[in-house]
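Okay, so here's the structure we're looking at.
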Amino acid sequence: MLRYANPTKFLALSRALRPWLAGATVLLLGAGLALGLRVPPDYQQGETVKLMFLHVPAAWTAMMAYGLMAAASLVGLVWRHPLADQAAKAAAPLGALFTALGLLTGSLWGRPMWGAWWVWDGRLTSFLLLLFLYLGYIALWNAVEDETRAARAAAILALVGAVNLPVIEFSVQWWTTLHQGESIVRAGGPLIAGVYLWPLFLMALGYTLLFVSLWLMRIETAILERRARTVMLEGG
Amino acid sequence: MVFRDLSFAVEAGAVLSVEGPNGAGKTSLLRMLAGFLAPASGTVRLRIDGTALEDGEERGKQVGWLGHHDAVKPQMTVRETLAFFAMLHRGAGALEGAMEQVGLARLGDLPGQYLSAGQKKRVALARLWLCGRPLWLLDEPLAALDPAGKRVVADLIAAHCAAGGIAVAATHEPLGIEARRLVLA
Amino acid sequence: MSALLLRDVRLAARAGGSAMLALAFFAGVATLVPLGVGAELPRLARIAGGVLWVAAVLAALLALDRLFQADFEDGSLDLLALSPLSLEAVAAIKASAHWLATGLPLTLLSPLLGVMFGLPPRALLALFVSLLLGTPAVSALGAVGAGLTLSVRRGGLILPLIVLPLLAPAVIFGAGAVLEVLDGIPNGALGLLGAFSFCACVLSPFATAAAVRLNLGS
């Protein structure tokens, strides 16, 4: 594992893996969509239930991205490894993107179901807060000028956020019970039928691999960018 | 990287004058000795009573620091400023004596905002004396001071070292006392 | 330890300090709300807990970017780091001083504003207690943000972006405590708020100290 913490070895491994990951992503997302579009309409939600296959995996991936970012931050902070710093930095915009995708599809899904583009439902609200956590992290990275210091500051923020995230999640759930007017139909949970399970599973795996492929690509770019900068500095 | 292959030792009672052009890394060297900065490679070791302190933060607790900035709050009087640091260092005794020593005896009740740069430097010197740390790290201790002020610096360093302390000063001009020189290129 | 606390509170209370500013901001925001949403007292009472909590959080954040920056710029922070206090203690004390200078005065003023929002006496008490319990968490988590943005030239601009999402639980439970009284349905908000605040106050100084430490290495 630690052998691949060397940037050169990481580049070689990442380049070898990426075509396979990309291929698997396309296959999984294709299969997931094909299956997902053919599921029978839900008795309550009708055809809109199919949006679940785009929404729920996006939300999962956004959460997973934060977890990976926090894990990379911890490694960067404890072992002072630049590759981990880059990995954390590279995960943030992707996490923000998947969070935004989750919010967007959630809003589209909510329109026919709740009759409004935005409802302060527990899941959407906590994802809005997650989006702000990502944006704060990205802003901090960009604001601190010295790169090593930016990496450490951002890592501390990611860890504080990771500790606080479950509390935020809990408080938002608590809040929805406090203000409940209409009872909200929640996706997921035990009432999900088997026909929906397979496409959901395929899509979730597809989203995950999509994230991993893009993540690896961003880390590669960051490494190459650093090298280019060193070459330019030495050449100039 | 500012400097490399730097190796030196200072014994108790000695003064080291660190010299070199702007940007040679004098301030960085002092911050490294104080433990703010970790050297990219190598170690800084402070030996006190037979124990060697290598950890930056432990070493910092033995350091008397005189930096570029004087840490004098405009809203606090000279006496308040010094009393605060004396309390922080658990020794409020010699407050008036320290003010006398640096020539601030009559300015005790003046808020920091009315002090000149040289007077603020004297407040910083009094604080350095009050804190009673064995290792003094001084960044341009003579800057902004008049000839009388410069003599105060020399006297303070001499008294500190006579009591077995160490002083390392980054400076552009002679300190006015006998010192070993370390020139950074 | 008390020396640093006393100094920071004094600096905040003197001319140019942040204590009065925060109070004025708090009252100002609370005055604008009825102008914006209308003056019917029943409706104002319903939203009072939430509005005053949001206003209190914003007021407390107002001066937060200077918490370490002022000491950083004039060299005091170097001396504090070299003092017998650990950086963790410095972080905890400075956050406490911030609370004494902003959170506590805001809490003391809140019943007055609550009356103007038409809150019944028992709800006033809930508002007061919730702010008393919850504003320390605002100072503690805010200090983390202040430490992280210490070397950022315009740190005050990104500080709220960093800190506000972390404070969502405090606002939710704090406003919930007022609703508990208004609705007469027990919801345990104060207990949850207390637990959140306690954990924030215990854990934050470590993150704050780590953030300050990395900024001293310059």
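Since this is a predicted model, take the numbers as computed values, not measurements.
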field: Rounded distance (nearest 0.5 Å) linking atom CZ of A:Arg152 with atom CG of C:Asn215
entry: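 Nearest 0.5 Å value for the CZ-CG distance: 11.0 Å.
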message: Please report the interatomic distance OH(A:Tyr137) to CD1(C:Ile162), rounded to the nearest 0.5 Å.
response: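 Taking OH in A:Tyr137 and CD1 in C:Ile162, the distance rounds to 11.5 Å.
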Would you say that more than 12 heavy atoms from the other residues, nucleotides or ligands in this model lie under 6.0 Å from the [atom1] of [X], or not?
X: C:Met116; atom1: CE; result: no
X: A:Phe201; atom1: CZ; result: no
X: C:Arg122; atom1: CZ; result: no
X: A:Trp118; atom1: CH2; result: yes

- prompt: If you look only at pairs with a residue in residues 53-68 of chain C, which of them pass as a salt bridge (Lys or Arg N to Asp or Glu O under 4.0 Å), with sequence neighbours excluded?
  reply: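 Pairs touching residues 53-68 of chain C that pass the test: C:Arg66-C:Glu73.
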- prompt: Listed by residue number, which members of residues 208-217 of chain A have a heavy atom under 4.5 Å from any heavy atom of chain C?
  reply: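 The stretch does not come within 4.5 Å of chain C.
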query: Can you pull out the residues in residues 126-135 of chain A with any heavy atom less than 4.5 Å from chain C?
result: A:Leu129, A:Phe132, A:Leu133, A:Leu135
field: Pick from C:Ile172, C:Leu150, C:Leu161 with the largest number of heavy-atom pairs that fall under 4.5 Å of chain A
entry: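 Top count of heavy-atom pairs under 4.5 Å with chain A: C:Ile172.
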Option in C:Ile185, C:Ile158, C:Leu141 with maximal non-hydrogen atom pairs under 4.5 Å from chain A: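 The option with the most such pairs is C:Ile158.
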query: Does a side-chain heavy-atom distance below 4.5 Å link A:Asn164 with C:Pro169?
result: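 The answer is yes, as the side chains (C-beta and beyond) meet within the 4.5 Å cut-off.
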- prompt: If we only count heavy atoms from C-beta on, is the C:Leu214 to A:Thr148 side-chain gap below 4.5 Å?
  reply: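 A side-chain contact under 4.5 Å is absent here.
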- request: Heavy-atom distances under 4.5 Å only: say whether C:Arg154 touches chain A with side chain, backbone, both or neither.
  value: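 No part of C:Arg154 comes within 4.5 Å of chain A.
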message: Heavy-atom cut-off 4.5 Å, strictly under: side chain, backbone, both or neither for C:Ala175 against chain A?
response: neither
- prompt: Which pair of non-hydrogen atoms, one from C:Val152 and one from A:Ala143, has the smallest distance, and what is that distance?
  reply: CG1-CB, 3.7 Å
- prompt: What heavy-atom pair brings C:Pro165 and A:Ile168 nearest, and what distance separates the two atoms?
  reply: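 Closest heavy-atom pair between C:Pro165 and A:Ile168: O-CD1, 3.2 Å.
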task: On the 0 to 90° scale, with breaks at 30° and 60°, tag the A:Phe170-C:Phe173 ring pair as parallel, tilted or perpendicular.
output: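 Plane angle between 30° and 60°, so tilted.
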statement: Applying salt bridge (charged side-chain N to carboxylate O under 4.0 Å, His left out) to A:Lys89 and not counting sequence neighbours gives none
